[in-house]
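Working notes for the structure below.
Computed from a prediction, not measured in an experiment: that's the story for all the values here. Quick note: residue numbers are just sequence positions, from 1.
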Amino acid sequence: MLRRLLLAVLLVGLIPAIVADAHHTPGFVFEGAGWGHGVGMSQWGAYGQAVEDPAKPGEDIAAYYYPGSEPATMGDLSLPNDLLYTLDNPLWVNLGSQITLLEFTAVGGPLDLCLEGDGEGPCPKPEHPGAGERWQFRRIARGECGFFRGGELQGTSGSCRAAISWPDAEGVRLRHGEDRSKLCASRTSEVCEYRHGELKIRDDPVELGFHVVLAVGLEDYLRGIAEVLDHWEAPGVNEAQAITARSYAAFKFFQRETETRPANPNVDPGISASRKDRCWCHLYDDTRDMNYIGWAKETRSDGQPWLDGVEATRDRVLTYFGDDWERFTKGGIVQAFFSASSGGITRSNVYGFFTEWNGKAPAVRKWPYLTPVADPWDVDPAVGNPHRSWERRVSAADIARWLGWEEVTEASLVVGPTVAEPAHVRFTGVLDSEPRSVTVAGARLRTALGLRSSNITAIDGVVPAPADTVVHEQAPHVTDDEDPTLDVGNDGENLGIAFDVLPNFPDAVGSVHADAIQAIRQYSITKGCGDGFYFCPEDAVTRAAMATFLRRALGLEEVAGNRFSDVPPGHTHGGSIYAIAELGITSGCGDGSRYCPNDPTTRGAMAVFLARALELEADDVQTERFADVPETHPFRSAIHSIAEQGITVGCREGLFCPEAPVTRGTMATFLARAFIWNGTSPPGSNQ
């Protein structure tokens, strides 16, 4: 619960509040380039290099982004241990935590089951789920779990320490929970499928439930990584991403594998007790590390270029053997961070992940191979990078709230981004009736203000005059144990670092809702549809899904309940539905005993939900803003209220279309205007 509460607090802190008259609220227009933290390799820059020179080796493209690094064969290195070679499935990847019910189905043959403490002797057990049979692993009580089929316990129960393997089958498909909510980063509509490795289940002594982990080989793990867009066919970019991803995964493996493995090395990884409490893993399967979707990536119709890139670079990693290399590598292997787009200049680990205030350097060690480089390919118009430039208006009130001031009166770009310096922004305002000024550079400009990157090129159209290098206070000494960069990625949630490294949803590019879709993605209001690679902007939004969108936008915890007869315990969106019901945002449908979760959300109903969520006063509507919303319309006040806030401008000229279903794209624009943009939106956005 504590982890979920911290996330909710973080989201609430990130989401700006609505102001009464967004169109006239003082604010500043930030212009910039890039997407993400900008540290290490830029995916769009690597793609640009590969397109410009198809003969350029991918490992050379990758090495460019890590100054002083060189490609090498991992087997030739003196590594901390040989487990990546001597074990079949050494890498443990967390697929989910706090799980109480895991549903699984064998693919192409029987599964082997193992359950500790059930009194049935050594593994595998007598029960072997056959192909297509639906089984479950359930938590019965604290420290007690068992395998079930058709609601009946199979064999005897044991501890919550178990394994599922498929030596005589093709693989396994997973669901978890009776609510069919998504377990893994694949986020397909129903299942996640794995063909490599085996599943490990370990009790979570901190939270209710258990961890579900995939133990897998390094090369098999790479085949299921979904960071590169499938339509990128240039070999160089796939090879560059593969060697970068392999370096990152190997570094994290050796970083986390700190304890001697037990006599049977295939049982448990040598990770610390705190890692076991947190995830029982070396890596997460999402963008806290890298987005891993397993078999779904390997079977994409246009996914072969990625698999070719992995195979072409087999065993190859990036290494650094410069000054103090033992401090900054694991056996010479670099920590190869990457992001979607650099905006033409990559960032150091210091300014990509941390923040400078008034020239005071962050207490972070500058890593020698995580230093800025020019990346002209990223912003080359011929490459088609959708993040080459961006614009975002931020209200003065939101900036003041972030800084803890009473008022912000000015925001100016002191220094634009260069290879030598990150962008520096000076804010001027009032605190305790006294004038205040602060100059900020680094990650918080991006995360706190909701910008795509910290590469800011202008504010209100003003570009700074050429200036000398900014003078920084001397960087404090940081020991290896204190260096927070080591925890970026795996434990990014503890540092409040947003790892938004994926490019646009492919089906949102060019949409009038594209900016809104990316905005709500950045604020964790959406995770996409299907396998998480797409957004499905034209799909209708059900009332159940709408509840989850709203709950995330408001930063609410899920709430248990039994108020609605058609939303039983375990319903996928039940926690969200009861959360918004508790706040009075919904009173159900019909006579109030039901919620109608599968019904489409109409535009009129959405207006009511938003007006209640934002606590907008019911206006005495005097104007005929929309011809199809007459005085007798039950949602008239709510529709006009959100229109007054700039959240809607109607469906087309003079109309609101209150009975039309809300699409996911339109929902994104509503939410972005309501909770992120303060009622403003990109030009041409009409909904």
Side-chain angles (χ1 to χ4, degrees), residues 11 14-16 32 34-36 43-44 182 185 187-189 226-227 229-231 286-287 291 339-341 384-394 446-447 449-453 498-542 545-555 600-601 603 606 609-610 642 646-649 651 660-687:
L11 288 176
L14 285 173
I15 298 174
W35 177 271
Q43 292 175 284
W44 277 98
K182 281 53 169 192
R187 308 191 196 289
T188 56
S189 58
E227 299 290 356
L229 291 180
D230 292 337
H231 66 265
D286 56 29
T287 51
N291 191 30
S339 63
S341 172
N385 178 4
H387 311 302
R388 185 167 62 92
S389 64
W390 51 260
E391 183 177 297
R392 163 97 159 94
R393 185 183 185 278
V394 184
R446 174 175 65 94
T447 57
L449 301 183
L451 308 179
R452 290 190 177 186
S453 75
F499 250 58
D500 45 2
V501 299
L502 293 178
N504 280 317
F505 291 111
D507 58 349
V509 175
S511 168
V512 70
H513 302 292
D515 283 352
I517 292 167
Q518 283 292 33
I520 68 170
R521 186 187 197 189
Q522 179 172 333
Y523 283 88
S524 300
I525 297 171
T526 184
K527 298 173 182 177
C529 68
D531 57 15
F533 248 68
Y534 300 93
F535 183 74
C536 307
E538 301 305 320
D539 286 2
V541 179
T542 65
M546 180 280 305
T548 295
F549 276 127
L550 269 182
R551 179 186 63 78
R552 291 172 180 164
L554 291 165
T601 305
R603 290 170 56 86
M606 191 65 226
F609 287 129
L610 287 172
I642 67 168
I647 298 170
T648 183
V649 293
C651 61
V662 177
T663 66
R664 287 172 58 87
T666 301
M667 173 71 75
T669 293
F670 280 148
L671 295 175
R673 288 173 178 163
F675 298 100
I676 301 172
W677 293 337
N678 291 335
T680 61
S681 59
S685 182
N686 296 312
Q687 291 295 330

Legend entry - Leu610 vs Phe675 side-chain heavy atoms within contact, under 4.5 Å: yes
Legend entry - Nearest-0.5 Å distance that lies between atom CZ in Arg664 and atom CZ in Phe549: 4.5 Å
Inset, instruction - Nearest 0.5 Å please: distance from the OG1 atom of Thr666 over to the CZ atom of Arg603. - result: 6.0 Å
Legend entry - Separation between CD1 of Ile520 and OG1 of Thr526, rounded to the nearest 0.5 Å: 5.0 Å
Inset, instruction - Check Met667 against Val662 and note the closest heavy-atom contact, atom names and distance. - result: N-CG1, 3.7 Å
Legend entry - Value rounded to 0.5 Å, distance of CG in Leu671 from CG in Leu550: 6.0 Å
Inset, instruction - Would you please test Asn385 and Trp35 for side-chain contact (heavy atoms from CB on, under 4.5 Å) and show each step? - result: CA-CA 10 Å; Asn385 178 4; Trp35 177 271; over 6 Å; no
Inset, instruction - Could you grab the distance from atom CG of Leu449 to atom CZ of Arg392, nearest 0.5 Å is fine? - result: 8.0 Å
Legend entry - Shortest non-hydrogen contact between Gly34 and Arg452, atoms and distance: O-CB, 3.4 Å
Inset, instruction - Report yes if the side chains of Leu451 and Val394 come closer than 4.5 Å at any heavy-atom pair, otherwise no. - result: yes
Legend entry - From CG (Leu229) to CH2 (Trp44), nearest 0.5 Å: 6.5 Å
Inset, instruction - Indicate yes or no for a side-chain donor-acceptor contact from Thr601 to the backbone of Thr542 under 3.5 Å, with no hydrogens or angles considered. - result: yes
Inset, instruction - For Glu538 and Thr663, indicate whether the former's side chain and the latter's backbone hold a donor-acceptor pair under 3.5 Å. - result: no
Legend entry - Any donor-acceptor N/O pair, Glu227 side chain to Gln43 backbone, under 3.5 Å: no
